[in-house]
Amino acid sequence: MPPLTWSALLTEWDLPVPAVILLGAIAAGYLVAAVGRPGWPWGQTGTFLAGVGLAVFAIGGAVNAYSDVLFSMHMAQHLLLIMVVPALLLLGRPFDLVQGRLRRAGRPLGVVTHPAVGFAGYTAVVVGTHLTPFLQHALTSPLVHGIEELLYVGSGLLLLLPLVGVRPGRPPLSHLARLVVLFGAMVVDAVVGVVLVMTPAEPFPAYAAVIRDWGPGLVEDLHWGGAAMWVGGDALMAALAVFVISRWMSAMDRGDDLGTWLESARRSALDLGEGTAVDDDEDALRSYNAMLAKLAAREGGR
């Protein structure tokens with residue numbers, strides 16, 4: 001492998017055929033659905049396609065090619081696939097284009113997209129692919145490497161779906177609960193990153209087997225990658241937190257008041273705890289919401 005330069009970063013490409021087919025089908029399906037929806041915002045279409053394009057670069061470009069040579073490049077690919085790509089895809093609001101089909105999925109889809117499921121999956125993937133021998137297998141097997149990339153994108157989508165997207169089959173997650181989930185994910189990134197930074201020797205023999213006379217040493221590269229997960233991962237999570245807070249403030253500026261604050265606290269407890277039980281008692285939920293609406297109207301009239 002030649003030294004990593006800016007030129008190599010732009011010219012080294014090796015996109016797997018299955019990835020071409022899958023990403024091409026996803027982009028085409030979105031475009032067909034968007035064209036068939038009159039008035040669909042082209043800004044959202046551009047955001048979604050940017051996510052697909054970034055996935056192409058992360059899976060088939062130099063980031064992927066050098067991820068087998070430098071752990072720090074593996075971490076760059078990891079952050080792109082598990083956070084940036086899913087965020088762009090979800091901000092394109094693809095589920096809004098297929099709401100009718102998603103409604104038929106009902107409760108099972110609501111369970112899968114529960115924030116607790118997304119957080120658990122994200123934690124398992126981040127820890128399992130960096131603090132176990134899994135990465136060693138991914139470095140030596142193209143099949144396992146492909147599975148690893150799917151795990152990153154999939155776990156990122158499940159984590160971020162209730163935070164920046166719309167949960168199919170369930171009401172929107174409250175802003176407070178979104179911040180709690182983001183903080184938990186920041187802790188996961190920080191802990192794994194610190195463990196890697198403090199590791200005194202190269203834990204993955206495949207990197208030691210690569211012969212190169214350029215770039216950082218093995219342990220130095222490992223520590224760079226750990227720092228990237230710690231600092232870079234938390235920075236991306238912080239950016240998402242700013243996004244959530246800005247949307248929360250916008251909602252407040254549009255007239256949300258005491259009723260909304262109470263509803264937010266109630267929904268946060270349900271979403272992060274026993275949220276699925278409430279769906280079985282629609283009458284109680286409607287009565288509770290009616291009470292909140294009366295309280296909000298009373299407070300607004302003072």
Side-chain angles (χ1 to χ4, degrees), residues 1-31 45-92 94 125-126 129-130 134-157 159-160 189 193 196 204 206-207 209-216 218 220-222 224-229 231-233 235-236 239:
M1 182 68 69
L4 178 60
T5 63
W6 286 109
S7 176
L9 193 62
L10 298 175
T11 58
E12 288 287 339
W13 283 88
D14 184 18
L15 187 61
V17 174
V20 174
I21 296 174
L22 177 60
L23 293 173
I26 290 173
Y30 182 95
L31 287 174
T45 301
T47 301
F48 185 88
L49 294 180
V52 174
L54 189 59
V56 169
F57 175 70
I59 294 173
V63 174
N64 179 66
Y66 282 91
S67 68
D68 293 340
V69 179
L70 295 170
F71 179 77
S72 53
M73 288 301 290
H74 157 81
M75 192 57 66
Q77 182 189 47
H78 161 87
L79 293 175
L80 288 175
L81 292 178
I82 204 169
M83 296 184 65
V84 183
V85 168
L88 291 174
L89 293 178
L90 292 174
L91 288 174
V125 169
V126 171
T129 59
H130 294 99
F134 181 89
L135 182 56
Q136 173 64 22
H137 296 302
L139 292 170
T140 56
S141 169
L143 175 61
V144 178
H145 185 76
I147 293 173
E148 177 189 45
E149 292 170 339
L150 288 175
L151 286 174
Y152 287 151
V153 177
S155 62
L157 286 172
L159 176 75
L160 299 183
D189 287 346
L196 292 171
F204 309 112
Y207 284 119
V210 176
I211 299 175
R212 58 179 173 86
D213 57 0
W214 53 269
L218 289 174
E220 182 183 10
D221 179 52
L222 176 71
W224 283 9
M229 171 174 281
V231 179
L236 291 172

* Drop me the distance from Leu23's CG to Ile59's CD1, to the nearest 0.5 angstrom. =>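 Going from the CG atom of Leu23 to the CD1 atom of Ile59 covers 5.0 Å.
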Rounded to the nearest 0.5 Å, the OG atom of Ser72 sits from the NE2 atom of His78 at a distance of 13.5 Å
Between [Y] and [X], is there a side-chain heavy-atom distance shorter than 4.5 Å?
{"X": "Leu160", "Y": "Leu89", "value": "no"}
{"X": "Ile26", "Y": "Tyr30", "value": "no"}
{"X": "Phe134", "Y": "Val144", "value": "yes"}
{"X": "Thr129", "Y": "Leu135", "value": "no"}
{"X": "Leu218", "Y": "Leu222", "value": "no"}
{"X": "Asn64", "Y": "His145", "value": "yes"}
{"X": "Glu149", "Y": "Gln77", "value": "yes"}

Look only at the side chain of Gln136 and the backbone of Ala206, and say whether a donor-acceptor pair between them is shorter than 3.5 Å.
yes
Between the side chain of Ser141 and the main-chain N/O of Ala138, is any donor-acceptor distance below 3.5 Å?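 Checked: no pair found.
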> Mind checking whether His74 and Phe71 have ring centres under 6.0 Å apart?
Replying inline: yes
Would you say that more than 12 heavy atoms from the other residues, nucleotides or ligands in this model lie under 6.0 Å from the CH2 of Trp214, or not?
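Check passes, neighbour count above 12.
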